[in-house]
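Following: one structure in structure tokens, then a few remarks.
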Amino acid sequence: MKMTNLLDLSPLKFVNYCKELGEMPFRAKQLQKWIHKFGVSDFNKMTDLSMSLRKKLKNSVYIKAPHIMSDQISFDGTRKWIFHVKKNIIETVFIPEKNRNTLCISTQVGCAINCIFCSTGRQGFVRNLTVGEIIGQLWVTEFKLRREKNIKINSQGKRQITNIVMMGMGEPLLNYKSTIGALKLILSDHAYGLSRRHVILSTSGIIPMIDKLAQECPVELAVSLHASNNNLRNKLVPISKKYPLKELILACHRYITYSPRHMITFEYCMLHGINDTDIHAIELISLMRKNKILTSCKINLIPFNCFPNSNLICSKNSRIKIFAKILMNSGIFVTIRKIRGNDINAACGQLSGKIL
Ligand code: SF4
């Protein structure tokens, strides 16, 4: 029998796996709880499992998580972990705030999308991460943070990571199956139990998969927009040639219709002289208004974070504020992202999978 890494199992696969072992479905919940709720990897400590099941587990499964190679803390408290996954390297960023702690996780090694303002995109695509490698980033960091605070392993309600953003390295919707498997664990009451509203998936706009996500696992959606018209977006986010802006906005509209409590966040990286003029802001308003999405979206302006050889410049603060004001005056909800962790290259667009 092939040995299985239990971190690779989605909630459904836990049930199937227990069936294969001749066990009742409730055993899947117990097992899932020990691993993902309490961080226990020693089968001897899973005290409500029968001795015979524990024996079967020892003979047929193992638990292997990504291995931490580097742990850096920024002056602002942002923390970046570099993980070793098989022969590759990925990055995970922890952003502590007053009322929440967010973990930004990676879903691929490298990325095929090649957005011009993103260091990950410049590396090209290497491979998809498995469910275990995606959820493993949360598993390792959640229980590491608990240990650092001396929180008892099986204490309830002491979750350290309260929010997840799938905005690290890679395009999550191009690694759909593993991403969904990990999301289901993040949302499961027998694992991390996060509310859908606390989980954001960020996409460059893979339209068919946005529709699939709406039906299978509707979490909060962030769309990398970055441009107010199709010609400009083709240059900044090349996948736009395959999935044009107009169709993308329609897909966003369908997403909200399918799950009306959601609001789409449009990410807009502010690039000096490229997409930050008054004309771009006005064009953006008209795009939102025409597609009747103006009141069900938020535009998040992201000051560009520099990386070597990017040949791009961030818009001036004053320009970002004027741009935001034009949008706000039309009734759009606008936020300006606070830069976090750029001294350790952990800010948005800076993840390169390199140890400095
Ligand atoms: S911004 Fe996201 S989709 Fe674009 S290249 Fe970077 S990782 Fe890929």
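Every number for a ligand or one of its atoms is a count from 1 in the order of the listing. Side chains are part of it too, since the values below use all heavy atoms of this structure and drop only hydrogens, waters and symmetry mates.
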| Who else is in L250's hydrophobic cluster (ILVMFWY, side-chain heavy atoms under 4.5 Å, direct or via others)? | none

| task | State whether a side-chain donor-acceptor pair under 3.5 Å links N291 with K246. | result | no

| query | For F43, what residues pass the ring-ring contact (aromatic ring centres under 6.0 Å, His included) criterion, not counting sequence neighbours? | reply | none

| said: Could you report the tightest heavy-atom contact between D76 and G341, atom names first, then the distance? | reply: OD2-N, 2.8 Å

| atom 8 (Fe) of ligand 1: protein N, O or S atoms [distance under 2.8 Å] | C111 SG

| note | Hits for ring-ring contact (aromatic ring centres under 6.0 Å, His included) against F323, two or more places apart or cross-chain, chain-then-number order -> Y268

| request: Take the angle between the ring planes of H67 and H84 and call it parallel below 30°, perpendicular above 60°, tilted in between. | output: perpendicular

